[in-house]
Amino acid sequence: MGVLEVDPPCFSATKGTSLASDSCPGTFSDLFVRKPVLPVKDDKEGGLAPLDAEEDLHRFHSSSDKRPVVPSGRFQGLTLEPPLLDKLRATSEDLSLAETEVILGSIKENIIEGNLKTALEQLESLPIEVRINSDILSLFLKQCGKTKSVHVGRRIHNYIKMQGLQHDTFLGNHIINMYRHCKDTSSAKYAFDDIHRKNVISWTIMISAYAHNGQYELALQLFNDMQKDNVRPDKVTVSTIITACSNISARDQGREIHQMIIDGKLESDVVVESALVNMYVKSNCLEEAQKVFDSMRSRNVVSWTTMILAYAQNNQEKKALNLFEQMEVFGVIPNEFTLVGALSACSRLRSLADGLNVHGKAVYHGYESHIVLGNALIHMYSKFGHWDLGLKVFSKMPMKDVISWTSMLDAYTEEGRTKDTLQLFEEMNWEGIIPDKVTFLSILGACADLLALEQGKRIHASIISRKLHTDQMVGCALIHMYGRCGSVESAREVFDNIQNHNVHTWTSMISVYSQHGLSRDALILFNEMLKEDVKPNEITFVSVLSACSHGGFIAEAFRCFNSLKRVFDITPTAEHYACMVDVLGRAGFLKEAEELLKKMPISGDVVIWRSMLSACVAFNDTQRAKWAAEECIKLQPGYSAPYVMLSNIFVAEDQWEEVARIQRIMDINGVKMQLGKSSIEIKDKIHEFVVDDQAHPQIEQIHAELGTLSKKMEECGYVPMVNTVLHDVEEELKTYMLKYHSERLAIVFGHMMTPSKSTLRIVKNLRMCFDCHCAIKYMSKILEREIIVRDSYCSHHFKDGVCSCLDYW
DNA sequence: GTAGGGTTAG
C-alpha cells in the first residue's frame with residue numbers, strides 16, 4: 001500500500017460531475033456537490049462540538065495517536081455512513097489518481113467558496129494514506145481563521161496530527177495563526193510547542209496571539225524566551241511587542257525596547273516607530289511621543305493619526321487640529337481614523353465650524369458610510385445640541401452598530417427629547433441590536449428623566465438577565481433611576497446587591513435619600529461609608545449637606561462643611577456654599593445666611609443666590625427676596641425662575657406696575673416663559689399634558705373628573721391662591737387658570753387609569769406653583785393615594801394631605 | 001509560502 005502524493009489539481013470538478021462511469025448514486029458523485037454529503041449534526045448533538053474543558057483540550061493536543069482522536073466521544077457526530085463511503089475508508093489503492101485529484105479539486109473549491117464543513121467532510125472521508133499537499137491545508141486553516149471557524153479548524157489540526165505533520169514549521173505556523181484568529185491561545189500554544197524548528201514567524205504569531213487576546217504579560221514573557229532561544233526578532237515582532245506594551249502602559253519595558261532599537265539591536269521601520277509613538281501616548285508621555293514622531297524619517301497616515309488622536313484625547317484639541325492641517329500640507333491623505341480623531345477634537349473643542357469642515361472632508365474622501373466615523377459625527381452633533389443633524393447622519397448610515405444606536409439615544413436624551421429616546425430604544429430592540437452597558441446607562445437616564453418606572457423595571461430585568469446588575473456604573477444608573485422615579489426601596493435593593501462598592505455607588509444612594517428628604521438615612525449611610533474607609537468626593541458632600549439642610553441638622557452641616565478641606569482636602573465649591581445658605585435659610589436664619597453669603601470666597605455663582613432667593617420666598621422676606629432675585633437675574637439673565645418669583649412677590653403686594661416692569665426686562669433679555677408640561681406613565685406609555693390641555697383624547701372626561709374633585713377639595717377647605725397668578729385678570733379667570741395646571745390634569749388622568757390606592761408619579765418640567773402644591777395635598781387625602789411629583793426643583797411625596805418637603809416649597 | 005501598527009459611545 002503505497003502513499004499517494006497528489007499535487008494540487010489543475011482542474012476543478014463541477015457540481016454533480018460523475019467521474020467514474022460505473023459510479024453508483026451516493027458514492028463519488030456526492031462528494032462533488034458543494035453541500036454536506038454526510039449529516040453534519042449541530043453543536044448540541046456533538047457534531048462540531050467545541051472543546052471547552054481544559055482537560056479535553058489537553059488530551060486533544062497531547063495525543064500522538066495517528067488515528068482520529070475522539071475526545072469525550074464528541075467527534076463521533078461525523079460517523080461515516082455505510083455504504084456511502086466504505087470504499088473511501090478502505091485503502092488508497094481503491095482510489096485512482098484521477099479520482100483523488102478530482103476530490104482534492106473539489107475540496108479546494110469548497111474552501112475558497114467558504115463551504116468549510118463540506119470541505120471538511122470530504123477531507124476526512126479520504127483514506128488516511130492519501131497525502132494532502134500543504135497548500136490545501138494551509139489555505140483551509142487560513143479560511144478557518146478568517147471565518148473564526150474554530151471547530152472546523154480544530155479538526156483540520158487533528159487531521160494534520162493524524163498525518164504526523166504537526167511538527168512542520170510552515171503548517172504549524174498556520175495552525176497557531178488559525179487559533180490566534182479564533183482567540184484560542186491555549187490551543188495555539190499547544191500547536192506552537194509541537195513545532196520542532198520554530199522560526200521568527202512562529203514566535204511572532206504566538207506573541208501576537210497573546211497580545212491580541214489581552215494576555216500581554218505572556219506576550220512579553222515569550223518575547224524574552226524567543227531571544228533566549230537565539231531567534232532574532234524582526235520588525236514585525238518588535239511592533240507587535242511594542243503594541244503589547246502600549247496596552248498595559250508598560251512604559252519601562254517599552255522604553256527598554258526603544259533603547260534596543262536606538263542601539264541597533266532591534267529592527268525598526270515606520271510601523272515600529274508609529275507603534276513607539278502610540279506606546280508613549282498610552283503611557284501618558286506625550287512629549288516623548290512627540291519626540292519620536294519628530295525624529296521619524298518618514299511618516300505615514302498612521303503615524304500622523306496616532307499623534308492627532310493623542311492630542312485630541314489629552315485636552316490639546318487645538319494642537320490636534322493644527323496637526324491635522326499640517327498633515328494635509330505634507331500631502332498625506334487622511335483615512336477614516338484620522339477623521340475620527342479630528343472629529344473627536346472638534347467635539348471637545350465645541351467648534352461646530354471645524355466639525356462641519358471635517359465632516360465635509362469625510363464626505364470628500366468617501367468615508368461617509370464608515371460606521372465609526374458616523375458614530376463620531378452623531379456624538380459630535382449631539383454635543384453641539386444639533387440632534388437633528390445627528391439624526392440625519394444616523395438615518396443615512398448603511399450599517400449601524402450598538403454604538404451608533406447608543407449615540408443617537410444619547411443625542412435625544414441630551415436634548416431633553418427623552419420620549420424619543422425610549423421610542424428609539426424600542427426600535428433598536430426591534431432591529432435585534434443587543435444593548436451594551438453604555439446603552440443601559442443612556443436608557444436608564446431617560447427613564448429617570450421621564451419618571452418611567454415601569455419601563456425602568458423592565459430594563460432592570462434585562463440588565464439582570466445579562467448579569468450586568470452588579471456592575472458599579474450600571475448599579476449607579478439603576479439607583480439613580482429608581483431614586484428619580486420615587487422608588488427609594490428599589491434603589492436600596494440595587495445598592496445592597498452591588499458587591500464591591502466605590503465612592504460613586506455610595507454617593508448615588510446617599511443622594512437618593514437626600515433628594516427624598518430622608519435625611520437621617522442619608523447621614524447613617526454616609527457614616528457607614530466613612531467606616532468602610534471610602535473617601536467621599538465633592539458630590540458626596542453636596543448630597544450630605546443637602547440632607548442636613550432638608551433635615552434641619554444645622555450643627556451636623558457645619559461639622560461636615562468644616563471637615564471638607566481639613567479632613568478630606570476638598571476645596572468647597574459654589575454648590576457646597578449654596579447648601580450652607582440653604583441650611584441656614586431653611587431654618588429661617590436669613591440674616592445669618594446673608595452674612596455667610598457676603599463672607600464666602602465664592603459669591604458670584606448663581607446657585608448660591610438661588611438658595612438665598614428660595615429661603616427669602618419661603619419666609620416671606622420680600623426685601624431680601626427682591627435683592628436675591630435681582631442678583632440671580634444679573635448673573636443669569638436668560639433663566640426665567642427668578643423673574644417669576646419676583647413677579648409673585650409684586651403680585652402679592654398688588655404692584656402691577658412692577659409686574660409689568662419685570663415683564664419688560666424679560667422681553668429685553670429674550671426670556672420666554674416655558675410652557676408648563678407634566679407627564680405620567682400609564683402601562684408603558686408616557687402621557688404628556690400641557691397647561692389647559694385640549695389635545696388629549698380623553699380631555700373631556702379628565703375635565704369632568706377634575707371638576708368633581710375640585711368641588712370635594714373646596715368642601716375640605718381648599719381655597720385657590722389666586723394671588724400666585726401672574727396675570728392681572730378677573731379672579732374667576734385666575735381660579736380657572738390654576739385649576740387646569742398640567743400636573744393636576746396628569747394626576748386626574750392617572751387616577752382614572754390606574755387601580756385605586758396605587759401611587760401616582762408625575763414629572764413636571766418647571767417648578768410647581770405654590771397653589772398646586774397646596775391643592776395636591778388635598779388630592780392625596782381625597783383620592784387616598786400617594787402622589788409623587790418631581791418638579792424641576794425636587795421630589796415631593798404627597799401622602800394623606802402632607803408633603804415630604806414639609807412645605808418648604 | 002505564513003505574521004505586524006492607528007478606532008468611536010462612557
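When reading the values below, keep in mind they use all heavy atoms of this one structure, side chains included, and skip hydrogens, waters and symmetry mates. Letters A, B, ... are given to chains in the order of the sequence lines, protein chains preceding strands, and every chain is numbered from 1.
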Quiz prompt | Min side-chain heavy-atom separation Q163(A)-I132(A) under 4.5 Å | solution = yes
Practice problem: Measure from the side chain of V236(A), starting at C-beta and using heavy atoms only, and say which of dG6(B), dA9(B), dG4(B) lies closest. | Solution: dG4(B)
Quiz item: When we call it a touch if two heavy atoms are under 4.0 Å apart, what does I201(A) touch: a base, just sugar-phosphate, or nothing?
Solution: base
Practice problem: Report yes or no: is there a donor-acceptor pair, N or O only, under 3.5 Å between the side chain of S274(A) and the base of dG5(B)? | Solution: yes
Quiz item: Which is true for V270(A) with a 4.0 Å heavy-atom rule: it touches a base, it touches only sugar-phosphate, or it touches nothing?
Solution: base
Quiz item: Among dG10(B), dT2(B), dA9(B), which nucleotide sits nearest the side chain of M473(A)?
Solution: dG10(B)
Practice problem: Give the rounded distance in Å between these two atoms: CD of E267(A) and P of dA3(B). | Solution: 17 Å
Practice problem: Mind calculating the distance between NZ (K146(A)) and P (dA3(B)) to the nearest angstrom? | Solution: 11 Å
Practice problem: Side-chain contact test, heavy atoms from C-beta onward, threshold under 4.5 Å: evaluate it for Q215(A) versus T185(A) and give yes or no. | Solution: yes
Quiz item: Between dT7(B), dA3(B), dG5(B), which one does the side chain of F337(A) approach most closely?
Solution: dT7(B)
Exercise. Report which part of the nucleic acid K235(A) touches: base, sugar-phosphate, or nothing (heavy-atom distance under 4.0 Å, all strands).
Key: base
Quiz item: Of the candidate nucleotides dG1(B), dT8(B), dA9(B), which contains the atom at the shortest distance from the side chain of D135(A)?
Solution: dG1(B)
Exercise. Check whether any side-chain nitrogen or oxygen of R180(A) sits under 4.0 Å from OP1 or OP2 of dG4(B), and answer yes or no.
Key: yes
Quiz item: Can you tell if the side chain of P435(A) reaches within under 4.5 Å of the side chain of F440(A), non-hydrogen atoms only?
Solution: yes
Quiz item: Base, sugar-phosphate, or nothing for Q313(A), non-hydrogen atoms under 4.0 angstrom?
Solution: sugar-phosphate
Quiz item: What nucleotide among dA9(B), dG6(B), dG4(B) has an atom nearest to a side-chain atom of T306(A)?
Solution: dG6(B)
Quiz item: How long is the line joining CZ of F223(A) and P of dA3(B), in whole Å?
Solution: 20 Å
Self-check item: Ring centers of H258(A), Y280(A) separated by less than 6.0 Å
Solution: yes
Practice problem: Whole angstrom is fine here: how far is it from CG in L141(A) over to C1' in dG1(B)? | Solution: 14 Å
Quiz item: Which is true for D471(A) with a 4.0 Å heavy-atom rule: it touches a base, it touches only sugar-phosphate, or it touches nothing?
Solution: nothing
Quiz item: If you check every side-chain atom of S134(A), which of dG1(B), dG6(B), dG4(B) has the closest atom?
Solution: dG1(B)
Quiz item: Should K282(A) be listed as having a side-chain N or O under 4.0 Å from OP1 or OP2 of dT7(B)?
Solution: yes
Quiz item: Hey, does M327(A) have a side-chain heavy atom less than 4.5 Å from the side chain of V301(A)?
Solution: yes
Exercise. I would like to know whether Q166(A) and D194(A) meet side-chain hydrogen bond (donor to acceptor under 3.5 Å, both in side chains); could you show each step before the answer?
Key: CA-CA 6 Å; Q166(A) 73 272 32; D194(A) 267 346; 4.9 Å; no
Quiz prompt | Protein-nucleotide distance (I433(A), atom CD1; dA9(B), atom C1'), rounded to Å | solution = 15 Å
Quiz item: Which part of the nucleic acid, if any, lies within contact of N173(A), taking any heavy atom under 4.0 Å across all strands shown: a base, the sugar-phosphate backbone alone, or nothing?
Solution: base
Exercise. With the side chain of I403(A) defined as its heavy atoms from C-beta on, choose the nearest nucleotide among dG1(B), dA3(B), dT8(B).
Key: dT8(B)
Practice problem: Please work out if V200(A) contacts a base, only the sugar-phosphate, or nothing of the nucleic acid, heavy-atom cut-off 4.0 Å. | Solution: nothing
Quiz prompt | Whole angstrom value for the distance that separates C1' of dG10(B) from CG of D410(A) | solution = 8 Å
Quiz item: How is N247(A) classified with respect to the nucleic acid when contacts are heavy atoms under 4.0 Å: base, sugar-phosphate, or nothing?
Solution: nothing
Quiz item: What's the CE-C1' distance between M397(A) and dA9(B), to the nearest Å?
Solution: 12 Å
Quiz item: Under 4.0 angstrom, heavy atoms only, what part of the nucleic acid is H212(A) near: base, sugar-phosphate, or nothing?
Solution: sugar-phosphate
Quiz item: Could one point to a donor on the side chain of S239(A) or the base of dG4(B) with an acceptor on the other under 3.5 Å away?
Solution: yes
Quiz item: Any idea which of dG4(B), dT8(B), dG5(B) is nearest the V340(A) side chain?
Solution: dT8(B)
Quiz item: Could you give the CG-to-P distance, from L373(A) to dA9(B), as a whole number of Å?
Solution: 12 Å
Quiz prompt | Among E368(A), H370(A), H365(A), side chain to side chain contact (heavy atoms under 4.5 Å, CB included) partner for E336(A) | solution = H370(A)
Self-check item: Given dT2(B), dG6(B), dG4(B), the nucleotide with the shortest approach to the side chain of N199(A)
Solution: dT2(B)
Quiz item: With sugar-phosphate meaning primed atoms plus P, OP1 and OP2, does D401(A) contact a base, only sugar-phosphate, or nothing at under 4.0 Å between heavy atoms?
Solution: nothing
Quiz item: Nearest to the side chain of D436(A), which nucleotide is it out of dG6(B), dG1(B), dA9(B)?
Solution: dA9(B)
